[in-house]
Chemist: 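My questions all concern the structure below.
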Amino acid sequence: MTEHPAAALDDVVHQRVRLGILSILAQTSEADFTYLRNTLGVTDGNLGRHLEVLNDAGYVALNKTFQGRRPRTWVTITPTGRRALNHQIATLRALLGTLDTEPR
Amino acid sequence: MAGVTVAELDALRDRARADSLVEAVVLCAVGTVALIGLLMQVAASPAGGWSWAWFWLATPLAFAGSWAALRWRRRTLGVGTPTRALGWLTVGLAVLALVVPFAMFVFGPYPVLMGGVLLVGINVRSRLLIGWALIGGTLGTLAGLSFFGNRSGDLGHWMPWLDDAVGIGVATVTLALGIRAAFHSRRP
């Protein structure tokens, strides 16, 4: 029996906000905390927690800098994170294909 | 659910790409440089005047200007492209223009201009930049080599301006695509 595509989903990446973070970073390579928060419509605490999870998994790298006296956190995607996102999207598309071909 | 998620992710990527302004900035800069240079060329026809000198100076400046604009965008909006790559591209083009200005004189400006667009497109994974650099670059280079006028026989005799028209057409489309991308990047 072949494994259902859903079994290949990565729990770290699959969460909606984390998928959004990785998608943005895959396109632009880097974004700051404020841009991610505003684009994804989440709170500071919520975004911080998700970034921590992605950072612990090695999917993003955080770089804290100062612009004048204002702290600024830049987030970049790592090659591992990019691979994980590509795999996740491929799995989601495969899942869609399964839904389309399943008999009703 | 999966379909909605994939569509949302595509929308997020489109938004991020538009916010980074890379397509708009690079296409507007390259389109403007090409259009001005080709109009100078047509105005001074048939000798071409000093348009090659314009391209020699303006091509590295177009990419340097793009680099500065993208750095400014990164700083103000907090979303960026790897501007270091664009910076090195500018240095490479400046060196190329200084070392082999004759190549631009012979082949026209498009191999260098669109080669730069292609490299930026590959760097930021933009289908628009890669696709247009290949199509526009090929057409523009053929126009620079007087391909259309020579190959079209009688047509070349009756329409000696065909090469200039193709070159200016490519420049205009490049600029139009840049303006369209800039328009798309406006935030509500």
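Sequence lines set the chain letters: A, B, ... in the order given, protein chains first and strands last, and positions in each chain run from 1.
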Chemist: With a 4.5 Å limit on heavy-atom distance, are the side chains of B/L12 and A/L40 in contact?
Modeler: yes
Chemist: Looking at every non-hydrogen atom in both residues, tell me the closest pair between B/L9 and A/I89 and how far apart they are.
Modeler: CD1-CG1, 4.2 Å
Chemist: Heavy-atom count check: over 12 atoms from other residues, nucleotides or ligands less than 6.0 Å from B/R71 CZ?
Modeler: no
Chemist: Looking only at heavy atoms, which of residues 50-71 of chain A get nearer than 4.5 Å to chain B?
Modeler: A/Q67
Chemist: Please name all residues satisfying side chain to side chain donor-acceptor pair (under 3.5 Å) with A/S23, sequence neighbours left out, ordered by chain then number.
Modeler: none
Chemist: For B/R13, what residues pass the salt bridge (Lys or Arg N to Asp or Glu O under 4.0 Å) criterion, not counting sequence neighbours?
Modeler: none
Chemist: Would a hydrophobic clustering, with Ile, Leu, Val, Met, Phe, Trp and Tyr connected at side-chain separations under 4.5 Å, put A/I77 with B/L77?
Modeler: yes
Chemist: Tell me whether B/L21 shares a hydrophobic cluster with B/I179, the cluster being built from Ile, Leu, Val, Met, Phe, Trp, Tyr side chains joined at under 4.5 Å.
Modeler: yes
Chemist: Closest heavy-atom contact between B/A16 and A/I24?
Modeler: CB-CG2, 3.9 Å
Chemist: Determine which pairs satisfy salt bridge (Lys or Arg N to Asp or Glu O under 4.0 Å) with at least one residue from residues 107-118 of chain B, sequence neighbours left out, and list them in order.
Modeler: none
Chemist: Any chain of hydrophobic side-chain contacts (each under 4.5 Å) joining B/L61 to B/L113?
Modeler: no
Chemist: Below 4.5 Å from any heavy atom of chain B, which atoms of A/L85 appear? Answer side chain, backbone, both or neither.
Modeler: side chain
Chemist: At a 4.5 Å cut-off on heavy atoms, which part of B/D10 comes close to chain A: side chain, backbone, both, or neither?
Modeler: side chain
Chemist: Should B/L118 and B/L175 be regarded as members of a common hydrophobic cluster, given that ILVMFWY residues are connected when their side-chain heavy atoms come within less than 4.5 Å of each other, either directly or indirectly?
Modeler: no
Chemist: Do B/W72 and B/V25 share a hydrophobic cluster, counting only Ile, Leu, Val, Met, Phe, Trp and Tyr and linking them when any side-chain heavy atoms are less than 4.5 Å apart?
Modeler: no
Chemist: Would a distance-only check, ignoring hydrogens and angles, find a side-chain to backbone donor-acceptor pair under 3.5 Å from A/R72 to B/R75?
Modeler: yes
Chemist: Taking all atoms of both residues into account, what is the closest heavy-atom pair of A/Q27 and B/R125, and its distance?
Modeler: NE2-O, 4.2 Å
